[in-house]
Amino acid sequence: MGGEVSVDITSVPLGELSEGWGRRSARSVLRIVVSSFGLLFTAFLFCFLLFSVLPSDPARVMLGPNASQDSVESLREELGLNDSLVKQLTRQMGQLVTLDFGRSIRDGRPVLPEVFEKFGVTIGIGIQATTIALLVSYLINLIVFLRPKFGWLIGLVGFGVVAPAFLLAMAGALLIGYFFPGISLTASAEGFFAPLVPSAIASLYPIALMTRILRKQVEECQASSFFRAAIAVGHSKESQFHRFALQPSLVPWLAAWINQLSLIFFATLVLELIFSISGSGVLLVNAIQDRDFPILQGVLLVNAVFFIGISTISEIVFARIDPRL
Amino acid sequence: MSSKRILIILAIIVAAAAAVILLKKSPEGNGDSAQTLVFAVENDLTSLDPTKAQEPYTLRVIGQVLEGLVTLDAAGEIQPALAESWTSSENYESWRFKIRKGVMFHESSLFGGALTRELNADDVVFSFQRILSKDSYPAFVLADIVKGVSEFQSGEADSVVGVKKMGDDEVEFTLIRPEPQFLNRITSPWFTVYPKEVEGLEPGVFGTEQLVGTGPFALTSRKDEEAIMNRTENYWKDVSGNIEELRFRVFKNDQIGLSEFENGRVDVLRLPMKMLPVIAEDTSAGGEITLNATWQERAAVETHSTFNSHFLGLNCEKYDKHLRRAVNLAVDRDELVSVITNGTAIARGGTLPGSLKDYSPPPAPDRDLEKARAELALSKFDPATQDFEILVHEKESAEQIGELLQSQLGELGIKAQLTKLDYNNVIGKMISGEFDSFVLSFEYVFSAPGTILNNVFHSEKIPVPNFWRYNNAEVDAAIDKFQTTPELSDANVRAFEIEEMMAEDPPAAFFFEKVTPVLHSKGITGLKFNGHSIPLLWEAKSQ
């Protein structure tokens, strides 16, 4: 065996590895934070300018079309809307930095608790939906690996990619209403299954995507020499799948999962409207329609923090799974 | 784990899920659960504070919990509520209300250990001062009539001088000018009374975490998607209904709302016009609806009228009366009624709804393209060279109405262009006068003709809410005479004459007055609405 070159990963000092990983991770996290806050600032500036050029004004929206111009002017003065744009922008920036968003100009509710509550609802749906997608994509791949005759399952779930989200949501809701009249289709419904209905519908697209990604990875592994070696050594089918197909596929599969968790935040708006859920999508749309800038500011900030959190966690998790990253 | 075992486990999970789903939970709605009524509302119940309420669905909920000095019954009559009686000065410039004794507020932590207390005049004064504050949505209704509102809103005064306590059980309103129909301004749930202790709450708390009133139902919980209330014990008035628990549940999607009604989780559903073909076999103007065979077994349908008006507003500063008459004569109201409301609305030529107490509006003009062409020829508007823009928005089928009008005016030779903006932008353009025409509807809070006509057509109200910038001295003078017309029957005659006068110089092409179909389960009886579209659910019975 004299001419053979072998690298034993365990021979690399642990401290050296983790220190290198730590530096890289810290750099990545810093990059994410800086770019996310840059995006947040741009979005904030864009919304501020958009609101200032629109022909309607927040005081008018708040008091309605019938209020006299004098009443609207009094309120404009109180809200500081008659100040110069620079002064208004400075004030809003100050609020953004100090996290003091004040109250909704529409109904006087404190902004941050309101935004957190609505985000919680949307993130809840997102986490449920992507978790369902994670489990289902794993199970389908396992079934197809063990019993290749069930390969049609991959094609079946592929429907989730081609059908538009609103069509899936609407058709799904009406079919559930027809075939399972015991399941309530509203956010106010109680019972274990009711809140799962919108999540299950939201999971259709991620299921399709993640099933295909995992399937592709598994097929690549199956074609590799180490997989053939595993078969030759006599590993059971389950062991072949879990140790030699699933494990090397974890990074792209979980990356897709993280990516879907971020994207599903936008997809839930349709679900919020169909299932009457009070989530952050509806909150954002209403804030824009009502010219409710404090709420919009809050949504933008919490949104940015959420994405920074997700990206940071994924950096750390991926580096743990695969130290080469 | 062998593949067989995995498949067995999967099969067990699926079977268990199916079993749980198929073990149908007993539904709350459709009268199956005794004395619980589930009422569908169309959007989030974010705040139930009446000073923030902008949409009728919020007022429907508020109207069960809070009460005003007076109220409107299903027949359009004003009825005493928290005021047991009232008197006005001889010239109708001041109104004195005697507050009902023995009325208790709903139990709440607002009152500390005592949990409740009796209503008094301080509560009434506090509530109306709050209603008239500068950030209150309904302030506009009283701002131009109650003395001292503008001084209060501009900060020159600490309170509204026109709302005064005259003793423990008396409150007086002083007006800027005589108004015999003043009571018709304060019948909506916007003008309801709550305890003075609300003053100590943080902004935004009243209406979200707290809503305390004296109404037939007390709020027990509120989430954006559902408000739950229970019948008030020892309510001051004897009421005939037997509903013990009331749930207002949000359905933003009409089809889902109907599906939930079918599955027994909703008892009362205000049906959008576009869903009518699903349930109706036949419809007719005024809201006669015959359910199809499938739905006859499941439900009953009733219609109710509200004080509404749908129209194409025209810029009177820009267009002469001949062009405005031409547009009026070219509009095919029958087509609009048929397409937009499935034939259920009533065609109108004026803005005053026939649902106002004892009012019969003049007949709507028939379409007459020949006369319309003659009027167009007399106008300064040249359809060959001038543009005609119709502003539309996302509410009340405005875009669909705009498309129909575009085609109808096209037959007259006017090439109308549709511009779709969001509702608030359309309002912004209307107020600034940057418009040719706009599709809009009004849901009037006033329940008397004089106040409506004064509010929207008097030249003093330009630009808000006289959006069309209508300036007709003859009409102004006729409207001013309502100040000396105390009897409603006389006011109705005067209103009819003004509407006929305005037909010669129209500020808009008024199309129709809508009626609202309400689908309800057969077990519900005694379901009534008033002209503000408030359901009088304390009179409903569940069998």
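So you know, we letter chains A, B, ... as the sequences are listed, proteins then strands, and number each from 1.
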Margin query: Less than 4.0 angstrom from a charged side-chain N to a carboxylate O is my criterion; do K420(B) and D422(B) meet it?
Written below: no
Notebook entry, point to check: M430(B) and L440(B): which non-hydrogen atoms are nearest, and at how many Å?
Noted result: CE-CD2, 3.6 Å
Notebook entry, point to check: Considering the options T122(A), V285(A), L269(A), which one meets the side-chain contact (heavy atoms from CB on, under 4.5 Å) requirement together with S280(A)?
Noted result: T122(A)
Notebook entry, point to check: Which one of K118(A), E114(A), E272(A) has the most heavy-atom pairs closer than 4.5 Å to chain B?
Noted result: K118(A)
Checklist line | Residues which pass side chain to side chain donor-acceptor pair (under 3.5 Å) with Q88(A), listed by chain and number, not counting sequence neighbours | finding: none
Notebook entry, point to check: Who among D107(A), N66(A), I105(A) has the most heavy-atom pairs with chain B under 4.5 Å?
Noted result: N66(A)
Notebook entry, point to check: Who are the salt bridge (charged side-chain N to carboxylate O under 4.0 Å, His left out) partners of R106(A), not counting sequence neighbours?
Noted result: D290(A)
Next item on the list: Would you mind checking if R130(B) and D49(B) are paired as a salt bridge, meaning a charged N to carboxylate O distance below 4.0 Å?
Entry: yes
Next item on the list: Classify the ring geometry between F457(B) and W468(B) as parallel (under 30°), tilted (30 to 60°) or perpendicular (over 60°).
Entry: parallel
Notebook entry, point to check: Looking at S104(A), G108(A), S68(A), S236(A), which has the largest count of heavy-atom pairs under 4.5 Å with chain B?
Noted result: G108(A)
Check: Hey, are R60(A) and Q69(A) close enough side-chain-wise for a donor-acceptor pair under 3.5 Å?
Finding: yes
Check: D144(B): what forms a salt bridge (charged side-chain N to carboxylate O under 4.0 Å, His left out) with it, not counting sequence neighbours?
Finding: R177(B), R185(B), K461(B)
Check: Going by the angle between their ring planes, with limits at 30° and 60°, are F241(A) and F145(A) parallel, tilted or perpendicular?
Finding: tilted
Item checked: F311(B) ring center within less than 6.0 Å of F442(B) ring center -> yes
Checklist line | Interface residue of largest heavy-atom contact number with chain A, from A53(B), S47(B), P203(B), G204(B), under 4.5 Å | finding: P203(B)
Notebook entry, point to check: Is chain B contacted by the side chain of E73(A), its backbone, both, or neither, given a heavy-atom distance below 4.5 Å?
Noted result: neither
Checklist line | Residue-level contacts of residues 133-141 of chain B with chain A, using a heavy-atom cutoff under 4.5 Å | finding: K134(B), D135(B), S136(B), Y137(B), F140(B)
Check: Side chain, backbone, both or neither: which part of V282(A) has an atom under 4.5 Å from a heavy atom of chain B?
Finding: side chain
Checklist line | Max heavy-atom pair count under 4.5 Å with chain A, selected residue of T208(B), N455(B), T46(B) | finding: T46(B)
Item checked: Cationic N near anionic O, under 4.0 Å, E117(A) to K223(B) -> no
Checklist line | Atom group of S259(B) that falls short of 4.5 Å from chain A, counting heavy atoms | finding: side chain
Item checked: Interchain contact, R109(A) with chain B, by part (heavy-atom threshold 4.5 Å) -> both
Notebook entry, point to check: In terms of heavy-atom pairs under 4.5 Å with chain B, which of E77(A), K237(A), M62(A) leads?
Noted result: M62(A)
Notebook entry, point to check: chain A heavy atoms under 4.5 Å from F206(B): which part of the residue, side chain, backbone, both or neither?
Noted result: neither
Checklist line | Interface moiety of D70(A) toward chain B, non-hydrogen atoms closer than 4.5 Å | finding: neither
